[in-house]
Amino acid sequence: MSAVKASSGDISSTHRLAATLARQCRRGDCILLRGDLGAGKTTFARGFIQALNPAHDEVVSPTFTLVQTYPTQDGNTIWHFDLYRLKNSAEAVEIGLDEALRHGITLIEWPEIIQSQLPEDALDVTIEMGSQPDQRRFIFTGPSAWQARLDKLKENI
């Protein structure tokens, strides 16, 4: 497992960090967004999604809908899941998780409830709050399949 650490001082720098990662992602990638309530998982997802299609100026948290899909400029689809309200892992299949993992780029907030269903090659992004309101610390952890992309991320932050 490889790990890269980064930090941001405001929402704009969080969006830039997410965009740097997004530009390296491809169909079949799964990114797990972990962190406390209010840590900035949806903010990170917004920067990621807008990097792959700037026309998506309205990226909302899927807290109540559980999943939102966004087409990218290159013909892929980003599936953005928020599993905070799921009661059990079986519900993830009902909302399209299997299809998303096969055919899209998948962002999953609160992935803990479906841990056994997650691909082994998923990238973990842990987000921690800093000492200032918009300050965040990020830890990107992934298996060897992510090594080259994490190295490139490190070069660009």
Side-chain angles (χ1 to χ4, degrees), residues 1-63 67-84 97-112 114-115 117-157:
M1 290 289 233
S2 303
V4 170
K5 294 181 180 182
S7 61
S8 72
D10 56 31
I11 291 172
S12 293
S13 58
T14 294
H15 283 182
R16 284 191 300 277
L17 181 61
T20 300
L21 176 64
R23 287 189 281 276
Q24 298 180 59
C25 288
R26 54 189 174 252
R27 181 175 289 143
D29 284 343
C30 180
I31 295 94
L32 310 175
L33 302 174
R34 302 180 189 271
D36 292 337
L37 196 61
K41 295 177 294 294
T42 300
T43 299
F44 186 90
R46 185 173 295 118
F48 186 103
I49 292 163
Q50 289 174 334
L52 296 180
N53 191 338
H56 295 301
D57 56 343
E58 192 64 33
V59 176
V60 297
S61 172
T63 300
V67 64
Q68 294 282 345
T69 58
Y70 300 92
T72 65
Q73 288 179 321
D74 65 0
N76 281 322
T77 300
I78 300 169
W79 295 64
H80 180 197
F81 291 87
D82 183 328
L83 305 182
Y84 185 75
L97 179 65
D98 290 341
E99 182 181 349
L101 292 172
R102 281 192 311 275
H103 302 293
I105 298 170
T106 309
L107 301 173
I108 304 175
E109 297 185 40
W110 304 101
E112 295 80 7
I114 59 164
Q115 196 66 43
Q117 296 169 265
L118 296 172
E120 291 180 12
D121 63 349
L123 177 69
D124 265 307
V125 179
T126 301
I127 305 171
E128 301 171 342
M129 291 186 248
S131 58
Q132 301 299 315
D134 290 331
Q135 186 180 49
R136 299 293 184 267
R137 290 182 299 276
F138 299 86
I139 304 169
F140 300 85
T141 309
S144 59
W146 281 92
Q147 181 66 53
R149 291 186 278 173
L150 287 176
D151 290 343
K152 190 170 183 178
L153 178 68
K154 192 174 186 176
E155 291 171 10
N156 291 297
I157 53 174

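The structure presented is a predicted model; accordingly, all values stated were derived computationally and were not measured. In this chain, numbering begins with 1 at the start of the sequence shown.
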Between CG on residue Asp29 and CG on residue Leu123, distance to nearest 0.5 Å: 8.5 Å

Give a yes or no answer on whether the side chain of Lys154 reaches the backbone of Ala6 with a donor-acceptor pair at less than 3.5 Å. no

Hey, what do you get for CD1 (Ile127) to CZ (Phe44), rounding to the nearest 0.5 Å? 6.0 Å

Value for CG (Asp134) from CG (Asp10), rounded to nearest 0.5 Å, stands at 7.0 Å

Report the distance from atom CZ of Arg136 to atom OG of Ser7, rounding to the nearest 0.5 Å. 12.0 Å

Of the options Asp124, Thr141, Thr126, which is the one that meets Arg34 in a side chain to side chain donor-acceptor pair (under 3.5 Å)? Asp124

Measure up the Phe81 and Trp79 rings against each other and bin them: parallel (under 30°), tilted (30 to 60°), perpendicular (over 60°). parallel

Please find the pair of heavy atoms, one from Ala45 and one from Leu33, that lie closest to each other, and give the distance. CB-CD1, 4.1 Å

Do you know which two heavy atoms are closest between Gln117 and Leu101, and how far apart they sit? O-CD1, 4.1 Å

Heavy atoms only: give me the nearest Arg27-Ile105 pair and the separation to one decimal. N-CG1, 4.0 Å

Distance (rounded to the nearest 0.5 Å) between Trp146 CH2 and Gln24 CD: 8.0 Å

Classify the side-chain pair Asp74/Thr72 by whether it contains a donor and acceptor separated by less than 3.5 Å. yes

CD/Gln115: more than 12 non-hydrogen atoms of other groups inside 6.0 Å: yes

Rounded to the nearest 0.5 Å, what's the gap from OG1 on Thr106 to CG on Leu118? Could you check? 10.0 Å

